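Below is one structure; the comments refer to it alone.
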Amino acid sequence: MPELPEVETVARGLREQIAGRRIVAVRLGKTDFIDDPAALERELPGARIATVTRHGKFLLVRLEPRHGDDSRFCLLIHLGMTGQLAPRHPDFPVAAHTHAFFALDDGRELRYTDVRRFGRLALVPEAALEELIGGLGADPLEVTRAEFGSRLAGRRAMIKALLLDQRVLRGMGNIYADESLWRARLHPARHAARLKPQELARLYRAIRDVLNAAIRLRGSSIANYIDAEGQPGRYQLRHRAYGREGKRCFRCGQTIRRMIVAGRSSYFCPRCQPAPRRRRGVKLAGGARFR
DNA sequence: CTTACGGCCTGGGTGC
DNA sequence: TGCACCCAGGCCGTAA
């Protein structure tokens, strides 16, 4: 599931492999996940790839302006849950569910594969980018401790929900939210406003440590994720909470539990990450309501 | 405005 | 062998 570390890994790989290449042809399969397929077919052939960057979980493939005009385009890519993007030689077997082929001037083709098609492709003018992704929150690896605190200050929502909210911080998903909370020893259902400064500091630190470690291991591969070299990541071997229901906590030996928080499966250690005191209206797993 | 929740998209995996 | 069902992440609409 591509989250910040996976998208960062893909962005770095693409930067190395396809920056400077020219797209010579576009071939599309299913297009229901593409904003304006005709725009891709019209504008991309002949365009040279300038840079590849990450913005939250989005990949931004910026194109050099074509013939004189200064209309700069950017190919905006979201990998969703199962999106894969890798340059391949044309004789490399085409994976099932490959829906976009971008032939490059070095003979390879950049292929977009997405089993679920929860991903998105869109070719947007540079000027329209701000409206599409400008509303995203701070990058968790760049945000200062002070801004991190102010973004959570006074928020009554559960910390897990806020970590998943891309308008608060951009780039975290279910895996890294759970891993960060485990490391910070905070229960996912804690209310952000009730976190003590020391706990916020722990969480801030944990998020940075977890994301940086995950980038070093080139992301987590659970089912589908591969990088721009077609290789899986290895951070799943370091998971301490995510997907470990019923297994022992690496810190204390207690059994890791799973509950639904903020509508998502949340894995945590009930001993290291003590539940918040029950209060009126706090929703518990199974939908029971306490008054 | 903030928060919570349900539904939708799709198809692989699972269990009967 | 077949089939119903669950689940995943992001997003949107709705309601309080």
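So you know, we letter chains A, B, ... as the sequences are listed, proteins then strands, and number each from 1. None of the values given here were measured: they were computed from a predicted structure.
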Before giving the answer on side-chain hydrogen bond (donor to acceptor under 3.5 Å, both in side chains), spell out for A:Y176 and A:S220 the whole-Å C-alpha distance, their side-chain angles and the decisive distance to 0.1 Å. CA-CA 10 Å; A:Y176 297 103; A:S220 302; 2.7 Å; yes
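Hydrophobic clustering, defined by side-chain heavy atoms of Ile, Leu, Val, Met, Phe, Trp and Tyr closer than 4.5 Å, groups A:L76 together with A:F58, A:L60, A:V124, A:L129, A:L132, A:I133, A:L136.
A straight line from OH of A:Y267 to P of C:dC7 spans 10 Å, rounded to a whole angstrom. A:R170 places its CZ atom 19 Å from the C1' atom of C:dG9, with the value rounded to the nearest Å. The CG atom of A:L136 sits 8 Å away from the P atom of C:dC11 (whole-angstrom rounding). Rounding to whole angstrom units, CG of residue A:L4 and P of C:dG9 are separated by 15 Å. Between A:R167 atom CZ and B:dT3 atom P there is a gap of 9 Å when expressed in whole angstrom units. Across the protein-nucleic acid pair, A:H78 atom NE2 and B:dC9 atom P stand 19 Å apart, rounded to whole Å. What separates CZ of A:R258 from P of C:dC6 is a distance of 12 Å, to the nearest Å. The interatomic distance linking A:F58 (CZ) with C:dC11 (C1') rounds to 10 Å, in whole Å.
Atom CZ of A:F73 and atom CD of A:E43 lie 4.0 Å apart (nearest 0.5 Å). Between the CG atom in A:L14 and the CD1 atom in A:I49 there is a gap of 8.0 Å [rounded to 0.5 Å].
A:T82 comes within 4.0 angstrom of nothing in the nucleic acid, heavy atoms only. Counting non-hydrogen atoms under 4.0 angstrom, A:R155 reaches the backbone sugars and phosphates but no base.
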Below 3.5 Å is the cut-off: list the nitrogen or oxygen pairs between protein and nucleotides 10-13 of chain B, distance only.
unit_1: B:dT10; atom_1: O2; unit_2: A:R116; atom_2: NE; d: 3.3
unit_1: B:dG11; atom_1: OP1; unit_2: A:R117; atom_2: NH1; d: 3.1
unit_1: B:dG11; atom_1: O4'; unit_2: A:R116; atom_2: NH1; d: 3.3
unit_1: B:dG11; atom_1: N2; unit_2: A:R116; atom_2: NH2; d: 3.2
unit_1: B:dG11; atom_1: N3; unit_2: A:R116; atom_2: NH2; d: 3.4
unit_1: B:dG12; atom_1: OP1; unit_2: A:H97; atom_2: NE2; d: 2.9
unit_1: B:dG12; atom_1: O4'; unit_2: A:R116; atom_2: NH2; d: 3.4

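For the side-chain contact (heavy atoms from CB on, under 4.5 Å) criterion with A:Y112, the lone passing option out of A:L85, A:I34, A:L28 is A:L85.
Surrounding CZ of A:R145 are more than 12 heavy atoms belonging to other residues, nucleotides or ligands, all under 6.0 Å away.
Listed nucleotides: B:dA4, C:dA8, B:dT3. Nearest to the side chain of A:M158: B:dA4.
Classification of A:E229 and A:R218 as a salt-bridged pair holds, one side-chain N sitting under 4.0 Å from a carboxylate O.
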